[in-house]
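Below is one structure, written out as structure tokens, with a few remarks after it.
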Amino acid sequence: MMSLASFAVPAARACRGALAALLVVGLCALPALAGQEDWQSLPRREALAMHGEPRLPAGFASLPYVNPDAPKGGRLIQSIIGTFDNLNPFVPKGIAAQGITTLVFQPLMARSADEPFSVYGLIADAVRMPEDRSFVVFHLDPRARFSDGHPVTAADVLFSFELLREKGQLYYRSYLGQVERAQALDPLTVRFDLKPGNRETPLTLAQLPVLPAHLIDRDTFEQTTFRTPVGSGPYVVAAVDAGRSITFRRNPDFWAKDLPATRGLYNFDEIRFDYYRDVNTQFEAFKAGLYDVRVETSASRWAIGYDFPAVHSGAVLRETLPVGTPRPMYGFALNSRRPPLADVRVREALGYFLDFPWVNRNLFYDLYRRTGSYFAGSSLSSAGRPASAGERALLAPFPGAVRADILEGTWRPPEADGSGRDRAMARKGLDLLESAGFALRDGVLRHDGGAPLVFEIMVVSRDQERLALNFAQSLKPAGIVADVRLVDEAQYWKRLLAADFDVILYTWNVSASPGSEQSNRWSSAAADRPGSLNITGAKSPAVDATIDALLAARTMEQFTDATRAFDRALLSGFYVVPLFHADGQWVARRAEIDRPEKVPLFGPVIDSWWRKP
């Protein structure tokens with residue numbers, strides 16, 4: 001197996017001087033560009049925002065959620081469930097080790113975790129872009145270096161762009177496909193000419209990871225590897241125990257350590273990720289002091305599991321930290337490719353059999369809130385809001401695509417009485433199923449007297465299994481058979497990406513600035529594309545149109561209208577039986593691990609934490 005570090009390309013020698021770096025992308029001279037003069041008159045910017053202006057002024061000292069004087073040193077140990085078999089995180093093959101993308105490699109510009117979508121200078125210290133966003137020009141910082149000392153040039157950027165568009169992960173191929181032409185204007189300047197309709201593209205391009213062209217062989221790039229990668233980031237890989245742990249060491253010669261976008265970050269001399277096969281073993285390891293920070297996802301464990309000596313003594317601190325972004329949609333994802341789940345009435349009906357108050361009280365200690373939107377807890381949510389004139393105009397070409405109660409903002413997920421046997425809710429569900437051709441006979445729900453309503457719920461953990469078994473039990477009196485099947489993580493993802501399932505428990509995380517990723521999750525084009533994350537197989541012209549609208553929005557008002565209309569179109573498709581979300585993020589940490597007082601919009605950023613001297 002080959003690696004990022006061993007993808008050596010023999011140095012071509014046909015050209016010399018400053019242009020030699022361009023040989024790795026097959027160029028021996030800079031092209032004469034038609035219209036080259038149009039970018040030179042545009043102002044140089046240190047930052048870009050998706051809508052409006054970036055929050056931080058030019059020449060800012062540091063990000064607002066860091067301690068710029070944080071002490072450096074010590075080790076941070078974190079934990080991961082699963083395993084890994086690849087140190088190349090940019091390709092579809094294998095399971096990549098944690099941390100490489102963010103600790104070893106860098107994007108052109110750094111995203112702020114305290115703004116919906118703004119990027120600031122990093123490898124590219126300045127950018128130029130016209131109002132119509134038809135192209136973007138990145139000026140590279142001449143100080144930028146890979147960890148082997150090799151300078152980062154326009155050749156590396158073009159090489160990375162071409163390689164990831166051709167052979168990278170699906171999401172790279174998707175957003176890099178929005179580029180019509182990429183060209184080097186000089187050894188430190190790159191121009192991307194863009195396809196129309198997606199105003200997010202310049203900012204997604206700003207997050208392009210820059211790979212070392214002088215070390216990578218295009219022909220073997222897709223192979224899995226355990227050889228050490230080389231990037232321009234703050235850390236280098238120090239040790240690998242295949243499938244069990246990976247250790248990063250802070251690079252003392254990190255070229256960007258004093259930039260405003262990095263000051264106060266990357267404070268640990270060493271960061272190690274240890275892998276565990278299951279969550280119970282992982283938690284016991286935390287109790288034993290084997291790693292430093294735990295982001296808790298189990299309500300029952302958070303409620304009663306932290307009754308151990310280190311918590312009582314103050315050696316372990318517990319916090320619920322605020323998160324300002326939309327809360328994730330977590331629920332039973334229904335594969336609409338498969339009958340009878342292809343019928344929207346069947347999908348909607350299943351929601352009436354879930355008794356959320358009972359589940360929340362008996363399984364989760366009343367720590368959750370019911371989720372009623374794909375953007376819950378934010379101004380982008382349609383819940384409780386009648387559609388604006390802008391939303392109605394977007395949805396007008398698709399009559400009937402959005403239910404009247406969802407359009408008016410009055411719809412809520414069915415709310416049972418908490419008894420665990422709410423007959424009124426069950427009756428509403430059965431009425432919908434009867435309208436879809438099902439009838440209950442001899443305790444079995446059958447379609448037109450024939451095939452019974454039977455499906456499988458695939459789960460990947462014991463916590464998911466417990467929740468799925470409760471749901472299956474609530475469906476049983478209606479004559480619906482739901483078989484719960486626990487599989488390992490590898491099988492789960494293999495079947496998920498092949499759309500080989502009926503129902504799964506799935507989480508859709510969303511940022512404060514939803515954009516191009518929504519196409520891969522919900523568009524009709526992605527529904528039948530192998531490996532896409534359109535989990536439910538959604539195919540809706542209204543969904544497609546609202547995704548296009550949110551990508552083309554020029555103002556915050558247009559963006560909000562498009563996102564809320566998108567939310568309403570998804571809710572009307574009933575692709576998910578919504579479950580719940582927590583108000584904040586549950587975090588436990590060793591007392592010697594400290595953090596800044598301010599928590600940014602996106603929640604805690606562990607890269608800004610440090611170990612007390």
- request: Before giving the answer on side chain to side chain contact (heavy atoms under 4.5 Å, CB included), spell out for L533 and Y171 the whole-Å C-alpha distance, their side-chain angles and the decisive distance to 0.1 Å.
  value: CA-CA 10 Å; L533 289 179; Y171 51 85; over 6 Å; no
- request: Run the numbers on V510 and T325 for side chain to side chain contact (heavy atoms under 4.5 Å, CB included), then give the verdict.
  value: CA-CA 8 Å; V510 64; T325 55; over 6 Å; no
query: Passes side chain to side chain donor-acceptor pair (under 3.5 Å), N198 versus S516? Steps please.
result: CA-CA 8 Å; N198 187 344; S516 299; 3.1 Å; yes
message: What verdict does the side chain to side chain contact (heavy atoms under 4.5 Å, CB included) test give for V157 and F192, after you've listed the backbone C-alpha separation in whole Å, the side-chain angles of each residue and the deciding distance to 0.1 Å?
response: CA-CA 11 Å; V157 176; F192 295 97; 4.0 Å; yes
task: Before giving the answer on side chain to side chain contact (heavy atoms under 4.5 Å, CB included), spell out for L194 and V179 the whole-Å C-alpha distance, their side-chain angles and the decisive distance to 0.1 Å.
output: CA-CA 5 Å; L194 311 177; V179 176; 3.9 Å; yes
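Aromatic ring pairs are classed by plane angle as parallel below 30°, tilted from 30° to 60° and perpendicular above 60°; the pair F375 and F566 is tilted. Ring pair W586/Y368 is tilted by interplanar angle, where 30° to 60° counts as tilted. Note on ring orientation: taking the six-membered ring where Trp is involved, the planes of F90 and Y172 are tilted (angle from 30° to 60°).
Among all heavy-atom pairs drawn from S118 and P54, the shortest one is OG-CA, 4.0 Å. Taking both residues in full, the closest heavy atoms of A482 and I457 are given as CB-CD1, 4.0 Å, listed atom of the first, atom of the second, then distance. Nearest heavy-atom pair across L170 and G531 is CD2-O, 3.5 Å. When all heavy atoms of E391 and A565 are compared, the pair lying nearest together is OE1-N, 3.5 Å.
Residues W522 and Y374 have side chains in contact (heavy-atom distance under 4.5 Å, counting atoms from C-beta outward). Looking only at side-chain heavy atoms (C-beta outward), P229 and F105 come within less than 4.5 Å of each other. In this structure, Q207 and M109 have side chains that are not in contact, with every pair of non-hydrogen atoms separated by 4.5 Å or more. Using a 4.5 Å heavy-atom cutoff, the side chains of L140 and D125 are not in contact. Inter-residue side-chain proximity for V210 and S160 is flagged as met; some heavy-atom pair is nearer than 4.5 Å. When side chains are defined from C-beta on, D528 counts as touching K539, because their heavy atoms get closer than 4.5 Å. Contact of the V460 side chain with the L505 side chain is not registered, since no non-hydrogen atoms from C-beta on lie closer than 4.5 Å. Residues V605 and L63 form no side-chain contact, since every pair of their non-hydrogen atoms from C-beta on lies 4.5 Å or further apart.
With P107 as reference, L122 is the one residue of L122, L208, V119, I123 to meet the side chain to side chain contact (heavy atoms under 4.5 Å, CB included) rule.
No hydrogens or angles considered: nothing links the side chains of N360 and R370 as a donor-acceptor pair under 3.5 Å. Using modelled atom types, one finds no donor on one side chain facing an acceptor on the other under 3.5 Å when comparing R199 with H51.
Going from atom OG of S373 over to atom CE of M329 covers 6.5 Å, rounded to the nearest 0.5 Å. To the nearest 0.5 Å, atom CD1 of residue I606 and atom OG1 of residue T102 are 11.0 Å apart. Distance CZ/F559 to CG/L551: 8.5 Å, rounded to 0.5 Å. Interatomic distance, S336 OG to N534 CG, rounded to the nearest 0.5 Å: 7.5 Å. Rounding to the nearest 0.5 Å places CD of E222 at 11.5 Å from CG of N86.
Under the rule for a side chain to side chain donor-acceptor pair (under 3.5 Å), the partners of R495 that lie at least two apart in sequence or sit in another chain are E456. Remark: A499 engages N335, R337 in a side chain to side chain contact (heavy atoms under 4.5 Å, CB included) (not counting sequence neighbours). Remark: D583 pairs with R369 by the salt bridge (Lys or Arg N to Asp or Glu O under 4.0 Å) rule, at least two apart or across chains. Residues that satisfy the salt bridge (Lys or Arg N to Asp or Glu O under 4.0 Å) test with R55, not counting sequence neighbours, are D114. Shown here are the side chain to side chain contact (heavy atoms under 4.5 Å, CB included) partners of S540, two or more places apart in sequence or in another chain: A542, V543, Y575. With sequence neighbours excluded, the residues satisfying side chain to side chain contact (heavy atoms under 4.5 Å, CB included) with R345 are D343, L432, S435, A436. K494 pairs by the side chain to side chain contact (heavy atoms under 4.5 Å, CB included) definition with nothing, not counting sequence neighbours. Judged as a salt bridge (Lys or Arg N to Asp or Glu O under 4.0 Å), and not counting sequence neighbours, the contacts of E166 are R218.
Contact check on D38 versus R191 returns a salt bridge, with a Lys/Arg side-chain nitrogen under 4.0 Å from an Asp/Glu carboxylate oxygen.
Within a 6.0 Å sphere centred on CD of E53, heavy atoms belonging to other residues, nucleotides or ligands number 12 at most. For K167, the NZ atom is densely surrounded, since the number of other residues' heavy atoms within 6.0 Å is greater than 12.
In this structure, the side chain of D544 engages the main chain of S524 through a donor-acceptor pair within 3.5 Å. Judged by distance alone, with hydrogens and angles left aside, the side-chain atoms of Y506 form no donor-acceptor pair with the main-chain N or O of I535 at under 3.5 Å. In this structure, S461 contributes its side chain and Q464 its backbone to a donor-acceptor pair below 3.5 Å. Judged by distance alone, with hydrogens and angles left aside, the side-chain atoms of R327 form no donor-acceptor pair with the main-chain N or O of T371 at under 3.5 Å. Formation of a donor-acceptor pair under 3.5 Å by the R347 side chain with backbone atoms of F574 is found in this model. Judged purely by atom type and a 3.5 angstrom limit, R133 has no side-chain atom pairing as donor or acceptor with the backbone of M129. One N or O on the side chain of T204 and one on the backbone of T201 form a donor-acceptor pair closer than 3.5 Å. A donor-acceptor pair is defined here as one N or O able to donate and one able to accept, closer than 3.5 Å; such a pair exists between the side chain of R128 and the backbone of L42. Remark: the backbone N or O of G168 is paired with a side-chain donor or acceptor of R173 at under 3.5 angstrom. Between the N520 side chain and the S532 main chain, no donor and acceptor come within less than 3.5 Å of each other.
Applying the ring pair (Phe, Tyr, Trp, His ring centres under 6.0 Å) test to pairs two or more places apart or on separate chains, none has a residue in residues 385-405. Identified under the ring pair (Phe, Tyr, Trp, His ring centres under 6.0 Å) test for residues 321-354, with sequence neighbours left out: Y330-F580, F332-F471. Here salt bridge (charged side-chain N to carboxylate O under 4.0 Å, His left out) pairs that include residues 553-564, with residues two or more places apart or in two chains, are E131-R554. Sorted by first and then second residue, the side chain to side chain donor-acceptor pair (under 3.5 Å) pairs involving residues 392-405 (not counting sequence neighbours) are E348-R403, R392-E408, R403-D405.
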